[in-house]
Trainee: 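First the structure, which I've put down as structure tokens, then a few questions once you've had a look.
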2 protein chains.
Amino acid sequence: MPSDAEPAPVSAKTPVTLREVAAAAGVSVATASKALNGQGRMTAETRERIRETARQLGFRPNHLAQSLLRKRSFTVGLLTNDTYGRFSLPLMAGVSDALVDNGVSVFLCNVEDDPRLGQMHVEAMLDKRVDGIIATGKRIDRHLPVDLSNLRVPVVYAFTQPDPGAVGLVSDDAGGARLAVEHFLRLGRRRIAHVSGPASFAVVHTRAQAYRDVLEEHSLPVSEPLLGQWSEGWGRDAVAKLFSNGRGREGWPDAVFCGNDQIARGVIDALRERGIGVPEDVGVIGFDNWEIVAEATRPPLTSVDMNLAALGREAGLALLSLVGGQPAAPGIRKLPCRLVVRQSCGRPPGG
Amino acid sequence: MPSDAEPAPVSAKTPVTLREVAAAAGVSVATASKALNGQGRMTAETRERIRETARQLGFRPNHLAQSLLRKRSFTVGLLTNDTYGRFSLPLMAGVSDALVDNGVSVFLCNVEDDPRLGQMHVEAMLDKRVDGIIATGKRIDRHLPVDLSNLRVPVVYAFTQPDPGAVGLVSDDAGGARLAVEHFLRLGRRRIAHVSGPASFAVVHTRAQAYRDVLEEHSLPVSEPLLGQWSEGWGRDAVAKLFSNGRGREGWPDAVFCGNDQIARGVIDALRERGIGVPEDVGVIGFDNWEIVAEATRPPLTSVDMNLAALGREAGLALLSLVGGQPAAPGIRKLPCRLVVRQSCGRPPGG
DNA sequence: GCGATTTGGGAAAAGGTTTTCTCAGAGGGA
DNA sequence: TCCCTCTGAGAAAACCTTTTCCCAAATCGC
């Protein structure tokens, strides 16, 4: 009965310990440990026999015991206040990816905007001896409601405001805005408007400044960005302002760079309702590349993607190297955005 | 200098151990442990002195050591394959809420649809001695790509297909559909259509059947549900079918119950483009109550909310009671939906 | 004043693993 | 044959906390 040879070692009800493996193999726990970890000296025969025994018994080392001894838990905490998830999800996925590949697990800690909750989570993580903490948020210019300075574990900030002297990763919003405006220029568009979110967001100004810079570099007229809300409704309202009859048809923009995809969707909808063709008459570019929105617009929306998954991955790796003792240059590192071209801008004249 | 009395015990670089507390207080570790945990017998004075010492030193017990001893890690794993997050995020938030209140941390494990990744995560969790596992997904009628039967820890399934004999929590889709259709009926609407997603989803049939049931209970004509995609585009196409001239104006529906909010948005947009008034001429109800969509439609969309956060909370509590040794009734428990009324259905005739 | 009970607190084991010593035996050189 | 060096493997400490058992001193009853 060869099929009975392996008695299904998969997860018995009670975990088998190293001591049991050692007993079964007729050696001491010390030898068993060394055999399984490739440490110490022993005959190849002994080593293999112990390994085989462990395999048959389905032995898996208890990470709690290992962590206790090594003072390294292979666990990190991920702090976020983005319950909504549009930004934090790809970020978290990236962090998780990078860490799981290195055998590190991730504690998910939602702190909302509640300092008390944040404090609780941080203490719980510290008590569980996480190797490090990644702080993420929903906007770059706000702190999480928790104090992460002077912790005894390294901290990396991703897509949220870092403490001074800490390691932070954010998207290069200015670069992303440049991508958008330069794309318009390559397509031959010259009267480019910018519709964005509330002035209280730092990124609004960063992107607006990049928009101005590009136009000035090309000696093109800069029209003052229209700031409002991050909503479709504001996008529609902005179209009413930009395409008012008072300005005369020739004063109308031939391109609109929007601060996010929802605004862009409002802009596209309003343009269609006015009988203005996208992309024939006006090109539109959004920001965030929120696929569910960008692919539902008519036509599908060209948008700037902040590469948040990659950012999360970088954050994970940065934390890992800090945990490993590598000194990382403190300060904010900006990661490039990319433009995802769909159909809301048309083709270049020659294309 | 009274302000120097407390030397900022917050998180020194190296954690202070019970042994150090004991030494500082001039007692044994055993006594120190008992003093801090309210166990054993000693003078109130001794107990308080030890506690005060611990406080001053900023002592926090090492959970790894505690877990090792208690065989309980106060940690659970959360498995999901919903990278997109529309469903899993509120679910996760609910789970997290329920658990954090009980001092339990959550490992986030994204398994995509990759069995190998799923296996890795489950093994990592088991090695880290999680107390239990919560499996969540993006649809009720599919298994996660991992085998969770015969684990040595309890498992609870939330919003994903449970193993037979396991504890599963899902939304009551039939009940949710009833809420929608009955709402239409209360408003005096009688020619109610149903536009839903692909036939490959079990919920599509569940909701469609509930739709039929309610109409039949009221002896109203049932028109066959239109099945298509979960997209705005399909919503628009469905309107073209439902409101074709061939049917004659009197054959047009006066209400459309949609399988999700994106379909509903497509329906509303298409109706507006045809000059059909919502809610005056036609009422529309969506499903999922995805706020970002429901609040952006014109008018804002009335929608069925699956209460996923509550579902997550229940799942967390269910797991906790299993971990605590309470035997839970296996099988699927359905949690009620609720109707979120906005403006896409109008008011009742008398209201 | 003496035995019995209570009181306050400590010693030690347990939990599972890793790592440093230590040590017995085998082999090699003189 | 004797001494030295290797080799293979085990004993024990360490990580940090909890808990059981135990003991000395104090208190009580008579």
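Residue numbering restarts at 1 for every chain, and letters A, B, ... go by the order of the sequence lines.
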Trainee: Is the shortest side-chain N to carboxylate O distance from A/Arg47 to A/Glu52 below 4.0 Å?
Mentor: no
Trainee: Which nucleotide sits closest to the side chain of A/Val27: D/dT18, D/dG10, C/dG15?
Mentor: D/dG10
Trainee: Taking for each residue the nucleotide of DNA chain C bearing the nearest heavy atom, is the 5' side occupied by B/Arg49 or by A/His63?
Mentor: B/Arg49
Trainee: Figure out the CD/P separation between B/Gln39 and D/dC21, and round it to whole Å.
Mentor: 15 Å
Trainee: In whole Å, what is the span from the CG atom of A/Leu36 to the C1' atom of C/dT19?
Mentor: 15 Å
Trainee: I want to check a possible cation-pi pair here: B/Arg55 against B/Phe59, using under 6.0 Å from ring centre and within 45° of the ring axis as the test.
Mentor: no
Trainee: To the nearest Å, how far apart are B/Leu18 CG and D/dT17 P?
Mentor: 5 Å
Trainee: Count the heavy atoms of every other residue, nucleotide or ligand shown that sit under 6.0 Å from CZ of A/Arg72, and state whether that count exceeds 12.
Mentor: yes
Trainee: OP1, OP2 of C/dT18 versus side-chain N and O of A/Asn37: anything below 4.0 Å?
Mentor: yes
Trainee: Between B/Thr53 (side chain only) and B/Arg49 (backbone N and O only), is there a donor and an acceptor less than 3.5 Å apart?
Mentor: yes
Trainee: Check the distance between D/dC16's P and B/Arg70's CZ and give it to me in whole angstrom.
Mentor: 17 Å
Trainee: At 4.0 Å (heavy atoms only), tell me whether B/Ser33 reaches a base, stays on the sugar-phosphate, or touches nothing.
Mentor: base
Trainee: So, is A/Ser28 close to the D/dG10 phosphate, meaning a side-chain N or O under 4.0 Å from OP1 or OP2?
Mentor: yes
Trainee: For B/Thr80 and B/Asp82, does a side-chain donor sit closer than 3.5 Å to a side-chain acceptor?
Mentor: no
Trainee: Whole-Å distance between C/dG15 P and B/Asn62 CG?
Mentor: 18 Å
Trainee: Between the base of C/dG10 and the side chain of B/Lys34, is one N or O donor paired with an acceptor at under 3.5 angstrom?
Mentor: yes
Trainee: If I take atom CZ in residue A/Arg129 and atom P in nucleotide D/dC15, what distance separates them, rounded to the nearest angstrom?
Mentor: 13 Å
Trainee: Rounded to whole Å, please give me the gap between CG in A/Leu68 and P in C/dT17.
Mentor: 12 Å
Trainee: Under 4.0 Å from OP1 or OP2 of C/dG8: is there any side-chain N or O of B/Thr43 that close?
Mentor: no
Trainee: Check this one for me: any side-chain N or O of B/Ser67 less than 4.0 Å away from OP1 or OP2 of D/dT17?
Mentor: no
Trainee: Check whether any side-chain nitrogen or oxygen of A/Thr46 sits under 4.0 Å from OP1 or OP2 of D/dA9, and answer yes or no.
Mentor: yes
Trainee: Name the residue closer to the 5' end of DNA chain C, choosing between B/Gly26 and B/Leu69 according to the nucleotide with the nearest heavy atom.
Mentor: B/Gly26
Trainee: Roughly, in whole Å, what's the span from CD in B/Glu20 to C1' in D/dC16?
Mentor: 11 Å
